[in-house]
Amino acid sequence: MRVVVSGGSGFLGSHLCEALLRRGDSVRCLDNFASSSSANVAPLLREPGFECIPCDVTVPFRVSGGVDAVVHLASPASPFDYARLPLETLAAGSQGTENMLRLAVRHRARFVLASTSEVYGDPRVHPQDEDYWGNVNPVGPRSVYDEAKRFAEALTMAYRRSQGTDAGIVRIFNTYGPRMRAHDGRVVSTFIRQALRGEALTLFGDGSQTRSFCYVDDMVRGLVAMIDTHRPGPFNLGNPGERTVRQLAELVLLITGSGSGLRFLPLPVDDPVRRRPVITRAREELDWHPRVPLEEGLRHTVDWFASQPDTLARPRERPAVGRPS
Ligand code: NAD
């Protein structure tokens, strides 16, 4: 297949590009590096089937040649990034999604939207299946991300219904693994960085809030299954194994052998209390379920961070990419 991956240089995108190349697909990655480094895909540039096109998908762009599938991953995705890039986040979900959908329409290609468990907001229903409509604060600090993804889902379904586009949606739950950024503010990368540097692990509230953590290889298998089907979803993709954030911190301390302590900070606004996906639909319709246990995935991730000591130090501030000045 000839696959276009927006956000292909990011954490999930670079693993997806690799997996697609491995099975013989050709891949064009579109990325403006707003929240990633081109180093993630630098080794892929040697592959004949791979091309990286630097571009912002929220403004019109050109992709030459044939296209069989379009995967829209481009968006600031970590709380730090969407707080730093609020207008860019809304644009990635709206104009960015529409530009990628139009590309799919022009080529009669399969379209896959990477949505998020954040569409459920701070859920009133637990665990969350795809029929739950969510509990999102539309004006809170997280709303730029949550509402952008909800709009992107609506747009995707509107193209499917009105244009007959072969479009589908996956709702991704917390995913972790090698190539996360050490300073992206996500809980797994933060704990591992702090543990490896001998700093106290920072927990919000009392650490009793729960999350479900999926290893990146499992997530990429789910994304590939979504490319290969014509089904619309939405499908929850995530690991139903639910842990408290405190349990995660203790596991990271155990795996790293770190002597770091725990430090408790006030809960951020609208931080979801519980998160766990129901994945029955993905099991039945995509034949997908996660296979990598948390302990094993965390060991791979810790090993990767330990091999990148330079990335653990404080990063230089990244400038915003500049919506209206
Ligand atoms: P990431 O920040 O590593 O990757 C996002 C990529 O999109 C980056 O390479 C960034 O530079 C690029 N990008 C952002 N805006 C762009 C634009 N306007 N034009 C071109 N490129 C742009 O994040 P990730 O974790 O790899 O997330 C990928 C996708 O999966 C995102 O859409 C995110 O919302 C979704 N997702 C991820 C998770 C997770 O746990 N990793 C959970 C839920 C949803």
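Both backbone and side-chain heavy atoms feed into the values below; hydrogens, waters and symmetry mates do not. Read the numbers this way: they start at 1 and go in the same order the structure lists the ligands and their atoms. The first residue of the sequence shown is numbered 1, and numbering continues consecutively from there.
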## Note on the structure
CG of Leu155 to CE of Met100, rounded to nearest 0.5 Å, is 12.5 Å

### Protein contact of atom 3 (O) of ligand 1 - nearest heavy atom, named by residue and atom, plus distance
Phe11 N, 2.8 Å

### Message
Ile172 and side-chain contact (heavy atoms from CB on, under 4.5 Å): which single residue from Asn236, Thr116, Leu12 fits?
### Response
Leu12

### Task
Distance to 0.1 Å, residue and atom name: give those for the protein heavy atom nearest to atom 41 (N) of ligand 1.
Arg186 NH1, 2.6 Å

#### Entry: Salt bridge flag under 4.0 Å for residues Glu118 and Lys149
no

### Query
Going by heavy atoms, is Ser115 under 4.0 Å from ligand 1?
yes

### Query
Heavy-atom count around Tyr132 OH within 6.0 Å, excluding the residue itself: above 12?
yes

### Query
Which part of Glu88 is near ligand 1, with near meaning a heavy atom under 4.0 Å away: side chain, backbone, both or neither?
neither

### Query
In terms of residue, atom name and distance, what is the protein heavy atom nearest to atom 42 (C) of ligand 1?
Ile172 CG2, 3.5 Å

### Query
So which heavy atom in the protein is nearest atom 4 (O) of ligand 1, and how far is it from that ligand atom?
Gly10 CA, 3.5 Å

### Under 4.0 Å to a heavy atom of Asp56 - the qualifying atoms of ligand 1, by number
17 (C), 18 (N), 19 (N)

### Message
If we ignore hydrogens and angles and just use 3.5 Å, is the side chain of His183 paired with the main-chain N or O of Ala313 as donor and acceptor?
### Response
yes

### Arg23 CZ: over 12 foreign heavy atoms closer than 6.0 Å
yes

### Message
Geometry only, no angles: is Ser36 polar-contacting ligand 1 at N/O separations under 3.5 Å?
### Response
yes

#### Entry: Among Arg275, Arg171, Gln128, the one residue meeting side chain to side chain donor-acceptor pair (under 3.5 Å) with Tyr120
Arg171

### Query
Under 4.0 Å from ligand 1, counting heavy atoms only, is it the side chain of Val57, its backbone, both or neither?
both

### Message
For atom 11 (O) of ligand 1, what's the nearest protein heavy-atom neighbour? Residue, atom name and distance, please.
### Response
Asp31 OD1, 2.7 Å

### Query
Among the clusters formed by ILVMFWY side chains lying less than 4.5 Å apart, do Val273 and Phe204 turn up in the same one?
no

### Task
Supply the atom-to-atom distance Asp81 CG to Thr89 OG1, rounded to the nearest 0.5 angstrom.
8.0 Å

### Task
Check whether any heavy atom of Ser6 sits under 4.0 Å from an atom of ligand 1.
no

### Basic-acidic side-chain contact under 4.0 Å: Glu284, Arg231
no

### Query
Hey, are the side chains of Val57 and Glu98 touching, using non-hydrogen atoms and a 4.5 Å cut-off?
no

### Query
Mind checking whether Tyr176 has a heavy atom under 4.0 Å from ligand 1?
no

### Query
Are Glu118 and ligand 1 in contact, using a heavy-atom cut-off of under 4.0 Å?
no

#### Entry: Test item, Cys55 contacting ligand 1 (heavy atom, 4.0 angstrom)
yes

### Message
My understanding is that we take every heavy atom of each candidate and find the minimum distance to atom 22 (C) of ligand 1. Doing that for Asn32, Asn99, Leu12, which one comes out nearest?
### Response
Asn32

## Note on the structure
closest protein heavy atom to atom 29 (C) of ligand 1 is Leu73 O, 3.3 Å

### Enumerated ligand 1 atoms positioned under 4.0 Å from heavy atoms of Tyr145
33 (C), 34 (O), 36 (N), 43 (C), 44 (C)

### Task
Give the residue and atom name of whichever protein heavy atom lies nearest to atom 6 (C) of ligand 1, and the separation in Å to one decimal.
Gly7 CA, 3.6 Å

## Note on the structure
Interatomic distance, OG1@Thr175 vs CZ@Phe213, rounded to 0.5 Å, equals 10.5 Å

### Query
If you measure every N/O of Thr175 against every N/O of ligand 1, is any gap under 3.5 Å?
yes

### Interatomic distance, Ile192 atom CD1 to Trp304 atom CH2 [nearest 0.5 angstrom]
10.0 Å

### Task
Heavy-atom distances under 4.0 Å are what count here, so tell me which part of Ala92 touches ligand 1: side chain, backbone, both or neither.
neither

### Task
Check if Lys149 has a non-hydrogen atom at a distance under 4.0 Å from any atom of ligand 1.
yes

### Query
Which residue and non-hydrogen atom of the protein lie closest to atom 2 (O) of ligand 1, and at what distance in Å?
Ser35 OG, 2.7 Å

### Query
What do you reckon, does Ser9 put a non-hydrogen atom under 4.0 Å from ligand 1?
yes

